[in-house]
Amino acid sequence: MSKETVLISGGAGYIGSHTTVALVEAGFDVVVIDNFSNSEPSAIEGVEKILGRKIDFMEVDTCDKEALRKVFEKYQFNTVIHFAAYKAVGESMTEPLKYYQNNLVSYMNILELMKEFGRPNILFSSSATVYGNAEVLPVTEQTPRQPATSPYGNTKQIAEDILSDCCRAYEGMWGIALRYFNPIGAHPSALIGELPRGVPNNLVPFVTQTAAGIRECLSVFGSDYDTPDGTCLRDYIDVVDLAKAHVAAVRRMTSGKMERKYEIFNVGTGSPLSVLELITRFMDVNGVDVPYKMVGRRSGDVPAVWADTTLANNTLGWKAERSIDDTLRSAWAWEKHLRGIQ
Ligand code: WQD
C-alpha cells in the first residue's frame, strides 16, 4: 500500500519543521513548501539530517497561486497542513495589511486549490489567542472566543470561520483547527529549533538569548497580576509534543474517523506556569544565570490562560509527554548549538 502524502506549507518554520520530522517518523510522505520569509534553508537541512534522508521541498510563496498550483499538479496528497503565516502580534498592530494580505490570501489559495483538485483534508494552525481574556479557566474548545485584540489574532479567528463555512458547504472538505498554547523548546538533536529574527518577542527565545549573553537583561512584563506570584500564567507546550498532535490529527483525518466535518482541539499541557517559575526553572535545570528585572505590563497580555486538554487526550489519543525540565534543556541546547557555545 502506498503511503499517505501530506503537503506542509511553512514547513521550514519552527512548528512546521518539527511536524515534518514527526510525520516522516510516523510513516507519512511529505511535500514541504516555504518561501523562507521568516525561516532559513538550514531548517530543511536540519530536518534531513535528523531523518537521514532527503525530503521533497519546493521554494514556493503560498500567496502566489500559480506557483502553488504547480505543487498541486505535481504531487498527489489528500491532506494539507497550513502553517505558513506571519505571527508577530506587535508587528500586526502597526502593519495590519501585511498580516491580512499574507495570512488570508495564502490560506484562500490553499483552500481554493484543494477544492479545485479535490483534496479533502486541511489542518489549520490556530492559536489560544482566540480565547482572549477568558472568564473561566482552563479553557475548553467550547469556551467562547473573545474579540481579537490584534490583527494577527483576528486572522486566526477569520481563518477558523472560513474553515467552518467551507467544511459545511463543500461535501469533499474536512477540517481540523489546532489551537496552540505557547510552543517552546526544540528537537532533542538540537538540529532544529526556533529561529527568531531580531529581538525576540516571545519569552523563551529571550530567556535563551539572555543566558547566551546576546541580551543583557530579560524584562518580566508585569508583576502585579492577580496570580500567585504576580506574573502571567501560560500553558507552555513542548514543540515535539505539539508536532505529535499534528500526526494524531492527520491520522484522524486520513482514517475517516472524524465525527464532524470541522473539529477544533486545544493543544497544551493543561498545566499553567508563571513567567517567574519558567525563568527560575530554566536557570536551575541548565545551571546558567538569566539576569532579569521586573518592568510594567506589556499591553495586550492576558493575566492567565491554560488549556483543558480532555478533548485532545480522549479524541485524538494525544497527550503532552515531555517534562518541562527536558523542554527547557532542549531550548538551551538549541541556543548553544546556534551560537557555537560548548
Ligand atoms: C509569554 C509570557 C509575557 C517576553 C504569543 C501569541 C500567541 C502565540 C505565542 C505566536 C507573557 C511574558 C514575554 C519577555 C516577558 N503566537 N514575557 N518578557 O504573549 O502568551 O503568546 O506568542 O506565535 O498567539 O499571542 O507569548 O512568549 O510572548 O509571552 O515577561 O521578554 O511571557 O508578558 O506573560 P504570549 P510570549
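Computed from heavy atoms alone, side chains included, the values below leave out hydrogens, waters and symmetry copies. In each ligand, atom 1 is the first atom listed, and ligand 1 is the first ligand listed.
- Remark: ligand 1 atoms within the under-4.0 Å shell around heavy atoms of Leu218 are 31 (O).
- Taking every heavy atom of Cys232 and a limit of under 4.0 angstrom, the matching atoms of ligand 1 come to 34 (O).
- By heavy-atom distance, the residue among Asn202, Thr231, Thr129 lying nearest atom 36 (P) of ligand 1 is Asn202.
- The shortest contact between atom 26 (O) of ligand 1 and any protein heavy atom is with Asn182 ND2, 3.1 Å.
- Cation-pi geometry between Arg168 and Tyr262 is not satisfied (NZ or CZ under 6.0 Å from the ring centre, within 45° of the ring normal).
- Using modelled atom types, one finds no donor on one side chain facing an acceptor on the other under 3.5 Å when comparing Asn154 with Tyr99.
- For atom 23 (O) of ligand 1, the closest non-hydrogen atom of the protein is Lys87 CD, 3.5 Å.
- Ranking protein heavy atoms by distance to atom 30 (O) of ligand 1, first place goes to Phe221 N, 2.9 Å.
- Set against the non-hydrogen atoms of Tyr152, the atoms of ligand 1 under 4.0 Å away are 10 (C), 16 (N), 24 (O).
- Proximity of Val275 to ligand 1, defined as any heavy-atom pair under 4.0 Å, is confined to the side chain (atoms from C-beta onward).
- Distances below 4.0 Å separate heavy atoms of Val89 from the following atoms of ligand 1: 6 (C), 25 (O).
- Side chain to side chain, Glu160 and Ser126 meet the donor-acceptor criterion of an N or O pair below 3.5 Å.
- Ligand 1 places these atoms under 4.0 Å from at least one heavy atom of Val220: 30 (O).
- Shown are Thr327, Leu273, Leu328; of these, the side chain to side chain contact (heavy atoms under 4.5 Å, CB included) with Tyr236 is made only by Leu273.
- The aromatic rings of His187 and His18 sit tilted relative to each other, their planes meeting at an angle between 30° and 60°.
- At a heavy-atom distance under 4.0 Å, atoms from both the backbone and the side chain of Leu203 approach ligand 1.
- Classification of the Phe282-Trp332 ring pair by plane angle, with boundaries at 30° and 60°, yields perpendicular.
- Aromatic ring centroids of Phe28 and His246 lie 6.0 Å or more apart.
- A distance of 10.0 Å separates CD1 of Ile122 from OG1 of Thr79, quoted to the nearest 0.5 Å.
- Close contacts between ligand 1 and Ser219 involve ligand atoms 14 (C), 15 (C), 18 (N), 30 (O), 31 (O) [criterion: under 4.0 Å to a heavy atom].
- Taking each of Phe181, Tyr86, Tyr236, Tyr180 in turn, the one with a heavy atom nearest to atom 1 (C) of ligand 1 proves to be Tyr236.
- Salt-bridge formation is detected for the pair Glu259/Arg252: a Lys NZ or Arg NE/NH1/NH2 atom is positioned less than 4.0 Å from an Asp or Glu carboxylate oxygen.
- In Asn201, the part holding a heavy atom less than 4.0 Å from any atom of ligand 1 is the backbone.
- Considering only non-hydrogen protein atoms, atom 33 (O) of ligand 1 sits nearest to Asp301 OD2, 2.5 Å.
- Counting heavy atoms closer than 4.0 Å to ligand 1, residue Arg234 contributes side-chain atoms (C-beta onward) but none from N, CA, C or O.
- Any N or O atom pair closer than 3.5 Å counts here, and Val204 shares no such pair with ligand 1.
- Residues Val240 and Leu23 are members of one and the same hydrophobic cluster, defined by side-chain heavy-atom contacts under 4.5 angstrom among Ile, Leu, Val, Met, Phe, Trp and Tyr.
- Here the heavy atom of the protein found nearest to atom 7 (C) of ligand 1 is Ser127 OG, 3.9 Å.
- In this structure, atom 28 (O) of ligand 1 lies nearest to the protein heavy atom Arg298 NH2, 2.9 Å.
- Distance check: Glu141 CD to Leu311 CG gives 4.5 Å after rounding to the nearest 0.5 Å.
- Between Arg69 and Glu73, no side-chain nitrogen of the basic residue sits less than 4.0 Å from a carboxylate oxygen of the acidic one, so the salt-bridge criterion is not met.
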